[in-house]
> 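Got a structure for you, questions after.
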Amino acid sequence: MNLHPPHLNDRISSAAPVDHWGDIDCTGVTVLDLGAGDFGMRHEKAYISTVDHWLGLGAASVVAVDMNLRDLITVGHDDRVTIVADTLFHSSQIDALLEQHRPQIVKVDIEGAECLLRDMRRQAFRIAEVWLVETHTDALHDDVMVALDDHGFDVVRVRGHVDSDRFRVIYASRRDDD
């Protein structure tokens, strides 16, 4: 999987999925999209959903998880999409999603709840080969970086937002030797 396409910049200039998540090679794999909704603003934005982004890049299936069922219904009209309307409040929920769906890629954009990653079970965390995580504070960024390392993942790239260095996207891949 190509985590570092050469055409991407070091800064993220918009909330568009292609800017955030780039051209990640997800051909033929399952993507677990934690935070797949867009807070009811789908028709006000000039870009596609993250679910549409993954499907457009060739994902075999996408598990779309968000607390906003209305947003998920708009992306769920494809047989390759599994909708999970749930509020993530405990790490065991993410463990269960990984164990049930066995994704190769996990995208996390859950507006501060990324703190749940630090308490996940290592065995569940390592089901995925790639983690793509947006963090929203310096403390959460540090927590996610430690969780990734503790669970046997190398950070390949960290990208900042043009509007604020507090918001970052981390690209990480599983270490084989761990």
> Between the side chains of S49 and D52, is a donor N or O closer than 3.5 angstrom to an acceptor N or O?
yes
> If you round to the nearest 0.5 Å, how far is CD of E99 from CD1 of I127?
5.0 Å
> Can you find a pair of side-chain heavy atoms, one from L34 and one from D109, that are under 4.5 Å apart?
no
> What I'd like to find out is whether the side chain of V146 reaches to under 4.5 Å of the side chain of D142, using heavy atoms alone.
no
> So do the side chains of V130 and V106 get within less than 4.5 Å of each other, counting heavy atoms only?
no
> Are side-chain heavy atoms of V63 and V31 found at a separation under 4.5 Å?
no
> With salt bridge (charged side-chain N to carboxylate O under 4.0 Å, His left out) as the test, would you mind laying out the steps for R168 and D138 before giving the verdict?
CA-CA 9 Å; R168 299 180 196 111; D138 291 338; 2.7 Å; yes
> For the side chain of S91 and the backbone of D119, is there at least one donor-acceptor N/O pair under 3.5 Å apart?
yes
> Distance from I24 atom CD1 to L132 atom CG, nearest 0.5 Å?
5.0 Å
> Mark yes or no for whether Q104, through its side chain, and G28, through its backbone, hold a donor-acceptor pair below 3.5 Å.
no
> Look at the aromatic rings of H136 and F167 and report parallel, tilted or perpendicular, splitting at 30° and 60°.
perpendicular
> Is a side-chain donor or acceptor of K107 paired with a backbone partner of E134 at a separation under 3.5 angstrom?
no
> Within this structure, what is the OG1-NE2 distance for the pair T137 and H141, rounded to the nearest 0.5 Å?
10.0 Å
> Can you give me the closest heavy-atom contact between C26 and W54, atom names plus distance?
SG-O, 3.6 Å
> Backbone N or O of V156 within a donor-acceptor pair of the D154 side chain at under 3.5 Å?
no
> State whether the side chain of R126 and the backbone N or O of R174 hold a donor-acceptor pair below 3.5 Å, judged by distance alone.
no
> I want to check something: taking the side chain as every heavy atom from C-beta on, are V158 and M145 in contact at a cut-off of under 4.5 Å?
yes
> Is it possible for you to say whether L140 and L88 belong to one hydrophobic cluster, with membership spreading through side-chain heavy-atom contacts below 4.5 Å?
no
> Under the 3.5 angstrom rule, does the side chain of H101 hit a backbone N or O of P103 as a donor-acceptor pair?
no
> Heavy atoms only: give me the nearest A124-L98 pair and the separation to one decimal.
O-CD1, 3.4 Å
> State, yes or no, whether a side-chain contact exists between Q100 and T82 at a heavy-atom distance under 4.5 Å.
no
> May I ask you to check whether Y171 and W131 place their ring centres under 6.0 Å from each other?
no
> Return yes if some donor-acceptor pair links the side-chain N/O of R102 with the main-chain N/O of L97 below 3.5 Å, else return no.
no
> Looking at side-chain heavy atoms only, is the closest gap between D66 and T87 below 4.5 Å?
no
> Report yes if some heavy atom in the side chain of R80 is under 4.5 Å from a heavy atom in the side chain of V62; otherwise report no.
no
> Without hydrogens or angle criteria, can the side chains of T50 and D33 be said to hold a donor-acceptor pair below 3.5 Å?
yes
> R118 side chain to D143 main-chain N or O, any donor-acceptor pair under 3.5 Å?
no
> Between the main-chain N or O of T27 and the side-chain N or O of D25, is there a donor-acceptor pair closer than 3.5 Å?
yes
> Taking CD in Q123 as the centre, count heavy atoms belonging to other residues, nucleotides or ligands within less than 6.0 Å. Is the count above 12?
no
> Once you round to the nearest 0.5 Å, how far does CG of L117 lie from CG of L148?
7.0 Å
